[in-house]
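Below: one structure, written as C-alpha coordinates.
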2 protein chains.
Amino acid sequence: MKRNTWQREAVRGALGTQMGFVSAQALHSSLKNTGSQIGLATVYRALADLASEGEADSLQSPEGEALYRACSLAHHHHLICRSCGLTVEIEADEVEEWAGRTASLHGFSRPEHVVDIFGFCSACVPT
Amino acid sequence: MKRNTWQREAVRGALGTQMGFVSAQALHSSLKNTGSQIGLATVYRALADLASEGEADSLQSPEGEALYRACSLAHHHHLICRSCGLTVEIEADEVEEWAGRTASLHGFSRPEHVVDIFGFCSACVPT
DNA sequence: AGCTAATTGATAATGATTGTCAAAATCAGG
DNA sequence: CCTGATTTTGACAATCATTATCAATTAGCT
(Lines give C-alpha, C1' and ligand atoms only; values in the text may rest on other atoms or scores of the structure.)
Protein backbone atom coordinates (compact mmCIF):
# COMPACT_ATOMS: atom_id res chain seq x y z
CA MET A 1 0.00 0.00 0.00
CA LYS A 2 1.22 3.50 -0.77
CA ARG A 3 1.58 5.80 2.19
CA ASN A 4 1.42 9.54 2.47
CA THR A 5 4.46 11.10 3.98
CA TRP A 6 5.37 14.72 4.49
CA GLN A 7 8.39 14.14 2.29
CA ARG A 8 6.30 13.18 -0.69
CA GLU A 9 4.08 16.18 -0.12
CA ALA A 10 7.11 18.42 0.16
CA VAL A 11 8.39 17.24 -3.19
CA ARG A 12 5.02 17.66 -4.83
CA GLY A 13 4.73 21.12 -3.32
CA ALA A 14 8.22 22.21 -4.27
CA LEU A 15 7.69 21.03 -7.80
CA GLY A 16 4.57 23.13 -8.02
CA THR A 17 6.42 26.31 -7.13
CA GLN A 18 8.93 25.89 -9.94
CA MET A 19 8.49 27.86 -13.10
CA GLY A 20 9.96 25.33 -15.46
CA PHE A 21 11.82 22.07 -15.41
CA VAL A 22 14.09 21.29 -12.50
CA SER A 23 16.57 18.56 -11.85
CA ALA A 24 16.22 16.29 -8.86
CA GLN A 25 19.42 17.75 -7.46
CA ALA A 26 18.15 21.30 -7.82
CA LEU A 27 14.85 20.47 -6.20
CA HIS A 28 16.67 18.84 -3.33
CA SER A 29 18.84 21.92 -2.82
CA SER A 30 15.79 24.09 -2.98
CA LEU A 31 14.07 22.05 -0.30
CA LYS A 32 17.14 22.11 1.89
CA ASN A 33 17.32 25.88 1.55
CA THR A 34 13.82 26.23 2.88
CA GLY A 35 14.77 24.27 5.95
CA SER A 36 13.61 20.83 4.96
CA GLN A 37 15.79 17.94 6.00
CA ILE A 38 14.60 15.67 3.24
CA GLY A 39 17.13 13.22 1.84
CA LEU A 40 18.39 13.26 -1.71
CA ALA A 41 17.44 9.66 -2.42
CA THR A 42 13.92 10.40 -1.28
CA VAL A 43 13.62 13.28 -3.71
CA TYR A 44 14.66 10.99 -6.55
CA ARG A 45 12.14 8.39 -5.48
CA ALA A 46 9.33 10.87 -5.05
CA LEU A 47 9.97 12.41 -8.46
CA ALA A 48 10.05 9.03 -10.12
CA ASP A 49 6.74 8.18 -8.46
CA LEU A 50 5.12 11.44 -9.47
CA ALA A 51 6.29 10.94 -13.02
CA SER A 52 4.96 7.41 -13.24
CA GLU A 53 1.62 8.53 -11.84
CA GLY A 54 1.38 11.24 -14.45
CA GLU A 55 1.60 14.10 -11.99
CA ALA A 56 4.92 15.23 -13.37
CA ASP A 57 6.58 15.39 -16.74
CA SER A 58 10.13 14.29 -17.14
CA LEU A 59 12.57 14.87 -19.91
CA GLN A 60 16.30 14.69 -20.47
CA SER A 61 18.21 17.93 -20.68
CA PRO A 62 20.75 18.19 -23.48
CA GLU A 63 23.39 17.50 -20.83
CA GLY A 64 21.72 14.25 -19.91
CA GLU A 65 20.20 15.30 -16.61
CA ALA A 66 16.68 14.19 -15.85
CA LEU A 67 14.39 17.17 -15.42
CA TYR A 68 10.95 17.21 -13.88
CA ARG A 69 8.00 19.52 -13.84
CA ALA A 70 4.52 19.48 -12.39
CA CYS A 71 2.01 19.18 -15.19
CA SER A 72 -1.56 18.79 -16.10
CA LEU A 73 -2.62 15.22 -16.65
CA ALA A 74 -3.46 15.51 -20.31
CA HIS A 75 -0.94 14.69 -22.96
CA HIS A 76 0.88 17.82 -24.05
CA HIS A 77 4.18 19.20 -25.19
CA HIS A 78 6.50 21.97 -24.12
CA LEU A 79 8.01 25.19 -25.28
CA ILE A 80 11.03 25.77 -23.10
CA CYS A 81 13.28 28.81 -22.76
CA ARG A 82 16.91 27.79 -23.05
CA SER A 83 17.93 30.66 -20.83
CA CYS A 84 15.50 31.07 -17.95
CA GLY A 85 13.72 27.75 -18.14
CA LEU A 86 10.28 29.28 -18.57
CA THR A 87 8.02 26.57 -19.83
CA VAL A 88 4.79 26.84 -21.73
CA GLU A 89 2.57 23.84 -22.12
CA ILE A 90 1.30 23.54 -25.64
CA GLU A 91 -1.28 21.43 -27.30
CA ALA A 92 -0.47 20.01 -30.63
CA ASP A 93 -3.30 18.05 -32.07
CA GLU A 94 -1.82 18.72 -35.45
CA VAL A 95 1.40 17.03 -34.42
CA GLU A 96 -0.32 14.18 -32.62
CA GLU A 97 -2.13 13.38 -35.77
CA TRP A 98 0.99 13.69 -37.87
CA ALA A 99 2.96 11.41 -35.54
CA GLY A 100 0.36 8.68 -35.68
CA ARG A 101 0.06 8.97 -39.41
CA THR A 102 3.81 8.88 -39.97
CA ALA A 103 4.32 5.94 -37.66
CA SER A 104 1.76 3.76 -39.33
CA LEU A 105 2.96 4.82 -42.75
CA HIS A 106 6.23 3.11 -41.90
CA GLY A 107 4.64 0.11 -40.23
CA PHE A 108 5.33 1.25 -36.67
CA SER A 109 2.83 0.59 -33.94
CA ARG A 110 2.27 2.02 -30.48
CA PRO A 111 3.89 5.31 -31.32
CA GLU A 112 4.98 7.60 -28.55
CA HIS A 113 6.55 10.84 -29.41
CA VAL A 114 8.80 13.44 -27.93
CA VAL A 115 7.97 16.87 -29.23
CA ASP A 116 9.58 19.71 -27.39
CA ILE A 117 10.62 23.09 -28.70
CA PHE A 118 13.54 24.94 -27.17
CA GLY A 119 14.11 28.62 -27.82
CA PHE A 120 14.59 31.93 -26.11
CA CYS A 121 11.59 33.60 -24.57
CA SER A 122 10.89 37.26 -25.19
CA ALA A 123 12.66 38.23 -21.95
CA CYS A 124 15.79 36.28 -22.77
CA VAL A 125 16.48 37.03 -26.41
CA PRO A 126 20.28 37.08 -26.66
CA THR A 127 22.08 39.96 -28.35
CA MET B 1 43.97 22.75 -37.68
CA LYS B 2 41.90 19.58 -37.74
CA ARG B 3 43.78 16.42 -38.58
CA ASN B 4 42.70 13.17 -40.09
CA THR B 5 43.52 10.17 -37.98
CA TRP B 6 42.73 6.53 -38.49
CA GLN B 7 40.85 6.65 -35.21
CA ARG B 8 38.42 9.25 -36.45
CA GLU B 9 37.91 7.29 -39.65
CA ALA B 10 37.35 4.13 -37.66
CA VAL B 11 34.61 5.79 -35.65
CA ARG B 12 32.97 7.25 -38.71
CA GLY B 13 33.15 3.86 -40.40
CA ALA B 14 31.79 1.96 -37.42
CA LEU B 15 28.90 4.38 -37.09
CA GLY B 16 28.03 3.78 -40.70
CA THR B 17 27.66 0.04 -40.18
CA GLN B 18 25.15 0.46 -37.36
CA MET B 19 21.47 0.05 -38.07
CA GLY B 20 20.19 2.48 -35.53
CA PHE B 21 21.42 4.57 -32.65
CA VAL B 22 24.38 3.38 -30.62
CA SER B 23 25.96 4.59 -27.44
CA ALA B 24 29.56 5.66 -27.34
CA GLN B 25 30.29 2.73 -25.06
CA ALA B 26 28.71 0.25 -27.44
CA LEU B 27 30.56 1.65 -30.40
CA HIS B 28 33.81 1.40 -28.50
CA SER B 29 33.15 -2.23 -27.62
CA SER B 30 32.25 -2.94 -31.20
CA LEU B 31 35.51 -1.43 -32.40
CA LYS B 32 37.49 -3.36 -29.84
CA ASN B 33 35.82 -6.57 -30.96
CA THR B 34 37.00 -6.03 -34.49
CA GLY B 35 40.55 -5.71 -33.28
CA SER B 36 40.88 -1.97 -33.06
CA GLN B 37 42.86 -0.62 -30.16
CA ILE B 38 41.11 2.72 -30.11
CA GLY B 39 40.66 4.34 -26.71
CA LEU B 40 37.32 5.04 -25.14
CA ALA B 41 37.98 8.74 -24.67
CA THR B 42 38.81 9.02 -28.34
CA VAL B 43 35.50 7.47 -29.33
CA TYR B 44 33.69 10.02 -27.21
CA ARG B 45 35.67 12.84 -28.77
CA ALA B 46 35.18 11.59 -32.30
CA LEU B 47 31.45 11.19 -31.82
CA ALA B 48 31.12 14.66 -30.34
CA ASP B 49 33.01 16.04 -33.33
CA LEU B 50 30.91 14.18 -35.86
CA ALA B 51 27.79 15.38 -34.13
CA SER B 52 28.88 19.00 -34.09
CA GLU B 53 29.83 18.82 -37.76
CA GLY B 54 26.42 17.46 -38.62
CA GLU B 55 27.69 14.07 -39.74
CA ALA B 56 25.95 12.32 -36.89
CA ASP B 57 22.73 12.74 -34.98
CA SER B 58 22.70 12.49 -31.26
CA LEU B 59 19.87 12.04 -28.84
CA GLN B 60 19.37 11.00 -25.25
CA SER B 61 17.94 7.59 -24.58
CA PRO B 62 15.22 7.39 -21.95
CA GLU B 63 17.90 6.08 -19.60
CA GLY B 64 20.00 9.17 -20.12
CA GLU B 65 22.67 7.69 -22.33
CA ALA B 66 23.82 9.70 -25.30
CA LEU B 67 23.16 7.82 -28.53
CA TYR B 68 24.62 8.54 -31.94
CA ARG B 69 23.87 7.65 -35.49
CA ALA B 70 25.31 8.49 -38.89
CA CYS B 71 22.89 10.69 -40.77
CA SER B 72 22.33 12.74 -43.82
CA LEU B 73 23.24 16.38 -43.47
CA ALA B 74 19.79 17.84 -43.88
CA HIS B 75 17.63 18.56 -40.88
CA HIS B 76 15.35 15.64 -40.19
CA HIS B 77 13.68 13.63 -37.48
CA HIS B 78 13.51 9.99 -36.49
CA LEU B 79 11.18 7.12 -36.15
CA ILE B 80 12.85 4.67 -33.82
CA CYS B 81 11.94 1.11 -32.91
CA ARG B 82 11.95 0.68 -29.13
CA SER B 83 12.84 -2.96 -29.51
CA CYS B 84 15.42 -3.43 -32.24
CA GLY B 85 16.58 0.12 -32.66
CA LEU B 86 15.73 0.30 -36.34
CA THR B 87 15.68 3.94 -37.30
CA VAL B 88 13.91 5.64 -40.16
CA GLU B 89 14.79 9.19 -41.04
CA ILE B 90 11.70 11.21 -41.68
CA GLU B 91 11.08 14.62 -43.10
CA ALA B 92 8.52 16.76 -41.45
CA ASP B 93 8.07 20.05 -43.18
CA GLU B 94 4.66 20.17 -41.63
CA VAL B 95 6.14 19.97 -38.17
CA GLU B 96 8.97 22.37 -38.93
CA GLU B 97 6.43 24.91 -39.89
CA TRP B 98 4.27 24.21 -36.89
CA ALA B 99 7.21 24.51 -34.52
CA GLY B 100 8.24 27.87 -35.88
CA ARG B 101 4.70 29.13 -35.81
CA THR B 102 4.07 27.96 -32.27
CA ALA B 103 7.34 29.38 -30.99
CA SER B 104 6.72 32.85 -32.36
CA LEU B 105 3.12 32.74 -31.23
CA HIS B 106 4.43 32.60 -27.69
CA GLY B 107 7.18 35.13 -28.25
CA PHE B 108 10.00 32.62 -28.45
CA SER B 109 12.86 33.11 -30.84
CA ARG B 110 15.53 30.86 -32.28
CA PRO B 111 13.42 27.76 -31.91
CA GLU B 112 15.06 24.37 -32.08
CA HIS B 113 12.94 21.34 -31.71
CA VAL B 114 13.21 17.74 -30.75
CA VAL B 115 10.73 15.63 -32.62
CA ASP B 116 11.28 11.92 -32.43
CA ILE B 117 8.75 9.15 -32.55
CA PHE B 118 9.34 5.89 -30.73
CA GLY B 119 7.31 2.80 -31.47
CA PHE B 120 7.58 -0.82 -32.45
CA CYS B 121 8.47 -1.64 -36.03
CA SER B 122 6.53 -4.26 -37.94
CA ALA B 123 9.07 -6.93 -37.03
CA CYS B 124 8.95 -6.18 -33.33
CA VAL B 125 5.27 -5.75 -32.55
CA PRO B 126 4.85 -7.11 -29.02
CA THR B 127 2.07 -9.50 -28.14
C1' DA C 1 63.91 14.83 -41.76
C1' DG C 2 62.49 18.08 -38.45
C1' DC C 3 59.27 21.13 -36.18
C1' DT C 4 55.01 22.17 -33.88
C1' DA C 5 50.57 21.93 -32.55
C1' DA C 6 46.74 18.69 -32.52
C1' DT C 7 45.48 14.13 -31.03
C1' DT C 8 45.61 10.06 -28.53
C1' DG C 9 44.78 6.98 -24.57
C1' DA C 10 45.39 5.24 -19.82
C1' DT C 11 43.65 6.63 -15.87
C1' DA C 12 41.68 9.66 -12.47
C1' DA C 13 37.95 12.62 -11.53
C1' DT C 14 33.30 14.08 -11.80
C1' DG C 15 28.52 14.01 -11.29
C1' DA C 16 24.01 12.16 -11.59
C1' DT C 17 21.47 8.32 -10.26
C1' DT C 18 20.53 3.87 -7.92
C1' DG C 19 21.23 0.25 -4.39
C1' DT C 20 21.65 -1.01 0.53
C1' DC C 21 19.84 -1.64 4.88
C1' DA C 22 19.05 -0.32 9.59
C1' DA C 23 16.13 2.99 11.81
C1' DA C 24 11.90 5.60 11.78
C1' DA C 25 7.29 6.48 10.43
C1' DT C 26 2.60 5.13 8.61
C1' DC C 27 -1.70 2.80 8.66
C1' DA C 28 -5.07 -0.54 10.28
C1' DG C 29 -7.14 -2.93 13.92
C1' DG C 30 -8.31 -3.75 18.56
C1' DC D 1 -4.50 5.25 22.29
C1' DC D 2 -1.13 0.95 21.71
C1' DT D 3 0.77 -2.62 18.66
C1' DG D 4 2.51 -4.75 14.92
C1' DA D 5 3.38 -5.47 10.12
C1' DT D 6 5.08 -3.15 6.33
C1' DT D 7 6.56 0.77 3.89
C1' DT D 8 9.49 4.59 3.59
C1' DT D 9 13.29 7.15 4.74
C1' DG D 10 18.09 8.69 4.53
C1' DA D 11 23.11 8.38 5.00
C1' DC D 12 26.35 6.39 2.44
C1' DA D 13 28.37 3.24 -0.82
C1' DA D 14 28.26 1.66 -5.45
C1' DT D 15 27.55 2.31 -10.37
C1' DC D 16 27.81 4.08 -14.75
C1' DA D 17 28.42 7.32 -18.40
C1' DT D 18 31.07 11.03 -19.48
C1' DT D 19 34.89 14.46 -19.03
C1' DA D 20 39.42 16.10 -17.59
C1' DT D 21 44.37 15.35 -17.23
C1' DC D 22 48.69 15.11 -19.25
C1' DA D 23 52.65 12.81 -21.06
C1' DA D 24 53.60 10.45 -25.31
C1' DT D 25 52.55 10.08 -30.09
C1' DT D 26 51.50 11.70 -34.64
C1' DA D 27 49.78 14.45 -38.77
C1' DG D 28 50.81 17.88 -41.80
C1' DC D 29 53.81 21.42 -43.29
C1' DT D 30 58.52 23.15 -44.98
Side-chain angles (χ1 to χ4, degrees), chain A residues 1-15 18 20-53 55-69 80 82 85 114 116, chain B residues 1-15 18 20-53 55-69 80 82 85 114 116:
Chain A
M1 176 205 317
K2 188 163 55 175
R3 295 178 181 175
N4 296 324
T5 63
W6 64 265
Q7 287 96 334
R8 213 174 286 263
E9 279 308 312
V11 170
R12 199 202 311 271
L15 200 55
Q18 297 289 332
F21 282 86
V22 246
S23 67
Q25 304 272 350
L27 201 62
H28 178 241
S29 303
S30 166
L31 283 162
K32 280 296 191 66
N33 286 340
T34 63
S36 171
Q37 286 303 117
I38 193 170
L40 177 58
T42 305
V43 174
Y44 273 96
R45 279 185 290 243
L47 285 173
D49 284 353
L50 289 174
S52 74
E53 290 162 20
E55 288 194 61
D57 275 330
S58 67
L59 60 79
Q60 302 283 332
S61 78
E63 292 76 34
E65 262 184 313
L67 302 180
Y68 297 87
R69 178 169 188 279
I80 304 160
R82 286 189 121 78
V114 178
D116 291 310
Chain B
M1 174 205 319
K2 190 163 53 174
R3 296 178 182 174
N4 297 322
T5 63
W6 63 265
Q7 287 95 335
R8 213 174 285 262
E9 280 308 312
V11 170
R12 198 203 311 271
L15 245 200
Q18 298 288 334
F21 282 85
V22 244
S23 68
Q25 304 272 351
L27 201 61
H28 178 240
S29 302
S30 166
L31 282 162
K32 280 296 190 66
N33 286 339
T34 62
S36 171
Q37 285 304 116
I38 194 169
L40 176 58
T42 305
V43 174
Y44 273 96
R45 278 185 291 242
L47 285 173
D49 285 352
L50 288 174
S52 73
E53 290 161 20
E55 287 195 63
D57 276 329
S58 68
L59 61 78
Q60 303 280 333
S61 78
E63 293 75 35
E65 263 185 312
L67 301 180
Y68 297 87
R69 180 170 187 276
I80 304 160
R82 285 188 122 78
V114 177
D116 291 308

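Letters go in sequence order (proteins before strands), and every chain restarts at 1.
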Taking DNA chain D as the partner, which of residues 42-50 of chain A come within under 4.0 angstrom of it by heavy atom? A:T42, A:R45
Let me know the distance between [atom1] of [X] and [atom2] of [N], rounded to the nearest Å.
X	N	atom1	atom2	value
A:L40	C:dG15	CG	P	14 Å
B:I38	C:dT7	CD1	P	14 Å
B:H28	D:dT18	NE2	P	13 Å

Measuring from the side chain of B:E65 (C-beta onward, heavy atoms only), which nucleotide among C:dA10, D:dA17, D:dT9 has the closest atom? D:dA17
For the [atom1] atom of [X] and the [atom2] atom of [Y], what is their distance to the nearest 0.5 Å?
X	Y	atom1	atom2	result
B:L67	B:L27	CG	CG	11.0 Å
A:L47	A:E55	CG	CD	11.5 Å
A:L40	A:K32	CG	NZ	8.0 Å

Quick check on C:dG9: is either OP1 or OP2 less than 4.0 Å from any side-chain nitrogen or oxygen of B:Q7? yes
Would you classify B:Q25 as touching base, sugar-phosphate or nothing, given that sugar-phosphate means primed atoms plus P, OP1 and OP2, and contacts are heavy atoms under 4.0 Å? base
Short N/O separations, protein against nucleotides 25-30 of chain D, under 3.5 angstrom:
residue	atom	partner	partner atom	Å
D:dT26	O2	B:R3	NH1	3.1
D:dA27	N3	B:R3	NH1	3.2
D:dA27	N3	B:R3	NH2	3.4
D:dG28	OP1	B:N4	N	3.2

Main-chain N/O of B:Y44 paired to B:H28 side chain as donor or acceptor, under 3.5 Å: no
